[in-house]
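Quick notes on the structure that follows.
As the structure is a prediction and not an experimental result, all values here were calculated from the model.
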Amino acid sequence: MKIPMKFLRLFLLTALLMLNALPGYATQDDPVLVHNVTSPPTIDGLPDDYCWQDIPWQVIDQVWIPYGTPHDEEDFAGRYKVLWSEEENLLYFLAEVEDDVFVDGFVLNETTGAHNFDVLEVFLDEDRSGGKHVFDATGATGEEWGTNAENAFAYHIYTDISESGVAESDPWVHDMDGTGWGDNISRNYVNHFPEYALRREGNRLTWEFSLEVYNDEYEYDSPEGTRVTLSPEKEMGFSIAYCDNDDPDEQPKERDSFFGSVEVPAEAYNDHWINADWFGLARLVDSTTTKIQEKTNQRQNLNLNLYPNPGSSSVNMVIKSPEKGRFTFRMYNLLGELVYDVSDIKSAFDYKQQFNISDLARGIYFVEMRIGRSHIARSKLVVTDH
């Protein structure tokens, strides 16, 4: 029987829509293009640096545990950006996670496994060689777990989660080493992260950090000469993941979900910490595109001024910039709750507007001004007694 063309088109369209609606459909780019940046970000856990603005978000959307199951974005949603600096010879990361319940409390050598708490993971295979990377083992143990623990790094980044509005800068970064389970060494690779900040705003965690890259000859006690000089067109095995625990009261803790940035087959749902074959691909590119650089240079002329600051009854916002168009002005309290939201058109270099803040409680507020889809400026406003 011949199927009418209109029904075939309808079937294909429906199938495509269903495919895109499936949980876990989105993955990070293949490859992720990592742009060189001339002015690296200030590592403070705030995504307001010019260098981040036109870099596309990559998703952390694959459900690795329980494999392939649907997940509610109110329970978890994650994304990240990555850059590199030829001058500093560093990778730079910005990661955001929305999580309805944060679980910390890991204590080294006292609690079971950092992966059973809320932890960000970065997987890096410097030469994209793939393969096992748990132990420096031999024989059957080496075949199962790897003969070079530095063949790839599985950085499990743990930090105690502070109250909203506070940035933490003291992570513990775990990966395994040793010659086998009888000689299992828990390494702390925090010295690979020269700068680090984790900031909480309500249900959002924002990580910002830099990372040194080492090759597979790295030795923990004598790393000299094994740090890699980053260069354009370099390709690395690379993925990001998030361990999620939803029960702060359970003892002992046990991970409830595991989300990754790349698709893996069912049989490899939890193999990243063992096998670099399933890592995604990152490629360093020479510089940000001309379009991105032009926008970055333009934003360096932007100026947002709030006065009086501190203020009690009203505040004046003055924007000076060559960029025109629709903008949004938003204020958030220390819990990350939106308390002020205004949209308007900026048609000249100077823009001034006065806002009534007499209904706001005393305290510190975060101010964000955007033009289009890009962050333009971010500041703080202190509201005093009325």
Side-chain angles (χ1 to χ4, degrees), residues 23-24 44-47 58-80 93-123 153-176 186-190 193 196-209 239-261 264 269-274 332-337:
D44 55 10
L46 294 173
Q58 305 291 336
V59 294
I60 308 172
D61 193 46
Q62 297 294 299
V63 185
W64 291 349
I65 298 176
Y67 180 80
T69 59
H71 75 278
D72 187 344
E73 288 194 357
E74 291 186 2
D75 171 49
F76 167 82
R79 59 183 186 172
Y80 75 89
F93 292 85
L94 176 68
E96 287 186 356
V97 160
E98 298 279 352
D99 193 352
D100 60 344
V101 178
F102 292 127
V103 177
D104 61 3
F106 173 77
V107 180
L108 182 62
N109 298 324
E110 292 186 19
T111 48
T112 304
H115 65 275
N116 289 317
F117 297 77
D118 286 349
V119 173
L120 188 73
E121 298 189 32
V122 174
F123 300 93
F153 290 93
Y155 295 114
H156 295 62
I157 308 168
Y158 174 81
T159 317
D160 285 333
I161 300 170
S162 293
E163 63 184 27
S164 196
V166 177
E168 292 291 339
S169 59
D170 187 22
W172 181 73
V173 184
H174 166 259
D175 193 14
M176 296 176 65
S186 180
R187 296 296 194 192
N188 183 5
Y189 289 111
V190 67
F193 295 72
Y196 177 90
L198 170 63
R199 184 182 297 271
R200 177 182 177 181
E201 301 288 350
N203 286 345
R204 174 180 296 173
L205 292 181
T206 301
W207 288 262
E208 197 172 24
F209 54 86
S239 305
I240 282 188
Y242 181 74
C243 299
D244 186 25
N245 187 308
D246 290 323
D247 187 353
D249 298 322
E250 71 175 351
Q251 293 295 338
K253 297 289 189 295
E254 184 176 354
R255 175 174 59 188
D256 294 301
S257 302
F258 192 25
F259 304 95
S261 60
V264 297
Y269 72 96
N270 190 26
D271 273 10
H272 261 58
W273 70 282
I274 303 171
Y332 300 85
N333 61 22
L334 287 177
L335 296 177
E337 298 168 335

Checklist entry - Does the side-chain contact (heavy atoms from CB on, under 4.5 Å) test come out yes or no for H71 and D61, once each step is laid out? => result CA-CA 9 Å; H71 75 278; D61 193 46; 3.4 Å; yes
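- Ring pair H115/Y158: centre-to-centre distance not below 6.0 Å.
- E98 meets the salt bridge (charged side-chain N to carboxylate O under 4.0 Å, His left out) test with R204; sequence neighbours excluded.
- By the 4.5 Å heavy-atom criterion applied to side chains, T159 and D170 are not counted as neighbours.
- Qualifying salt bridge (charged side-chain N to carboxylate O under 4.0 Å, His left out) partners for R255, counting only residues two or more places apart in sequence or in other chains: none.
- For D246, the side chain to side chain contact (heavy atoms under 4.5 Å, CB included) partners at least two apart in sequence or on another chain are D75, D99, D100, V101, D244, D256.
- Residues Y67 and V264 have side chains in contact (heavy-atom distance under 4.5 Å, counting atoms from C-beta outward).
- Between E96 and P47, some side-chain heavy-atom pair lies under the 4.5 Å cut-off.
- Residues passing the ring pair (Phe, Tyr, Trp, His ring centres under 6.0 Å) test with F123, sequence neighbours excluded: H272, F279.
- Counting heavy atoms from C-beta outward, T206 and E201 have side chains that stay 4.5 Å or more apart.
- The two residues S164 and G202 come nearest to each other via the heavy atoms OG-N, 2.9 Å.
- F102 has its side chain within reach of R200: a pair of non-hydrogen atoms, C-beta onward, lies under 4.5 Å apart.
- For the ring pair (Phe, Tyr, Trp, His ring centres under 6.0 Å) test, residues two or more places apart in sequence or in another chain that qualify with H174 are H156, W172.
- Across every non-hydrogen atom of I60 and F76, the tightest pair is O-CE2, 3.3 Å.
- Across every non-hydrogen atom of I157 and P171, the tightest pair is CG2-CB, 4.2 Å.
- For T111, the side chain to side chain contact (heavy atoms under 4.5 Å, CB included) criterion is met by F106, V107, F117, not counting sequence neighbours.
- The shortest heavy-atom contact between G45 and A197 is N-CB, 3.5 Å.
- Donor-acceptor pairing under 3.5 Å is lacking for the side chains of S257 and Y242.
- Here R79 contributes atom CZ and I240 contributes atom CD1; the two are 13.0 Å apart, rounded to the nearest 0.5 Å.
- R199 meets the side chain to side chain donor-acceptor pair (under 3.5 Å) test with no other residue; sequence neighbours excluded.
- Looking at W64 and N270, their side chains never come closer than 4.5 Å, going by heavy atoms from C-beta outward.
- In this structure Y155 satisfies the side chain to side chain donor-acceptor pair (under 3.5 Å) test together with H192, sequence neighbours excluded.
- Side chains of D118 and D104 form no contact here, defined as non-hydrogen atoms less than 4.5 Å apart.
- F258 and C243 make their closest contact through CE1-SG, 3.7 Å (heavy atoms, listed as atom of the first residue, atom of the second, distance).
- Within 6.0 Å of atom CD in Q251, more than 12 heavy atoms from other residues, nucleotides or ligands are found, so the atom counts as buried in its surroundings.
- The two residues E254 and N245 make their nearest non-hydrogen contact at O-ND2, 3.1 Å.
- Applying the side chain to side chain contact (heavy atoms under 4.5 Å, CB included) criterion to A95, with sequence neighbours excluded, gives Y80, L120, W207.
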